[in-house]
> 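Structure in structure tokens, see below.
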Amino acid sequence: MSEPAIELDKLAKSFGANQVLHDVSLSIPPGQTFALLGRNGAGKTTTIRILLGLIAASSGQAWVKGIDPAKHPLHVRGQVGYLGEDQTMYPWMTPVELCRFLSAFYPTWDAAWANELLSRFEIPPHARIGRLSKGQGVKLGLIAALAHRPSVVILDDPAMGLDPVARKEFNRHLVEHLQAEGTTVLYSSHLLDEVEAVADSVAILDQGRIVRTAATDALRDDVKQLVLPWDALAKAPQPACLLDLRRHEDRAVLVIDQAEHYLAQLAAVQIEPQVIDLRLDDIFEAFVIGRTEGWPEQPRAAEAVSV
Ligand SMILES: Nc1ncnc2c1ncn2[C@@H]1O[C@H](COP(=O)(O)OP(=O)(O)OP(=O)(O)O)[C@@H](O)[C@H]1O
């Protein structure tokens, strides 16, 4: 098996007394498009900054293409295409000048592709960068990150600040182009419907901990919403992987991980709930804000309930 393009092993990070990453481990194979999902403050940017050697982990290790960013930060940054959340570029240059400037640093700079992206993204080539709109600045940052054709690309919320058309352009064209080229892409995002369309795998980061990592399709297969009469819960085994439990009038609405296993347990007590497929945003929500308390007491003598 080939070496992972990106690997994290039990990464922890504290800022003073505030521990913001706990035991974060990940392995991303080459060519994969991997989305890091988390609410504000979950630790996405901190993880990315450690991967680029911009900050040091408190403990644990990270590797990009086998290189330790804590020891060789410049080597890693030379190999990776990176777009940060608050990328600042040289405001006095024009986009064309910036591309020329960057091409001197990267022997692999693809000037033709940079020009094609400048025109596809409708960036005024000769305007001062300081005068560009926020979205134009993000697009220019993407070009700067990608035009040296790195084999690993790390993007911190690349769609932030882009309008819906530009986001589609990013997802449909740019990410698909990178996928076709076999580039490894790690990106953080809040826009889950767009992630769903392109990410091979996702990790859900909640308060500095990875609570689930899976191939996007497998996650949709594993996590389901089940609807059954509330009274049936008393006869149902309590699920080991309950993510959310709500009562809607006389019905119980559950979100369950490893749903297939739990459905078999329910079938054994003659309960056949309605099974509903979930989108990635609902799955994410169940993991990070799901409520699991309130399971009814088991009755002393359980009777079979059919629904
Ligand atoms: N330099 C720093 N000093 C102190 N605390 C920090 C520093 N950088 C980040 N933090 C804290 O670490 C936590 C995680 O922040 P981080 O920026 O990694 O979150 P995020 O998941 O990227 O959030 P967002 O989606 O809002 O960008 C937050 O509580 C933040 O306040």
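Whatever order the structure lists ligands and atoms in, that order sets their numbers, starting from 1. Remember, predicted model here, so these are calculated numbers, not experimental data. Computation of the quantities below employed the complete heavy-atom set of this structure, encompassing side-chain atoms and omitting hydrogens, waters and symmetry-equivalent molecules. In what follows, residues are counted from 1 in the order of the sequence shown.
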> Report the residues that fulfil side chain to side chain donor-acceptor pair (under 3.5 Å) with D277, sequence neighbours left out, ordered by chain and then residue number.
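D277 satisfies side chain to side chain donor-acceptor pair (under 3.5 Å) with K224 only.
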
> Working to the nearest 0.5 Å, report the span between CG of L242 and CD of E293.
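So the CG of L242 and the CD of E293 are separated by 9.5 Å.
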
> Would you check ligand 1 and list the protein residues that come within less than 4.0 Å of it by any heavy atom, ordered by chain and number?
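F15, V20, R39, N40, G41, A42, G43, K44, T45, T46, E85, H190.
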
> By side-chain contact (heavy atoms from CB on, under 4.5 Å), which residues pair with A57, not counting sequence neighbours?
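Checked A57 against side-chain contact (heavy atoms from CB on, under 4.5 Å); matches are L11, I50.
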
> Sort and list the pairs that fulfil side-chain hydrogen bond (donor to acceptor under 3.5 Å, both in side chains) and have at least one residue in residues 105-115, not counting sequence neighbours.
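Sorted pair list: D110-R149.
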
> How close do L245 and W230 get, counting heavy atoms only, and between which atoms?
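Taking L245 first and W230 second, the nearest heavy atoms are CD1-CZ3, 4.0 Å.
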
> Are Y90 and F101 an aromatic pair by the rule of ring centers under 6.0 Å?
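They qualify: ring centres under 6.0 Å apart.
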
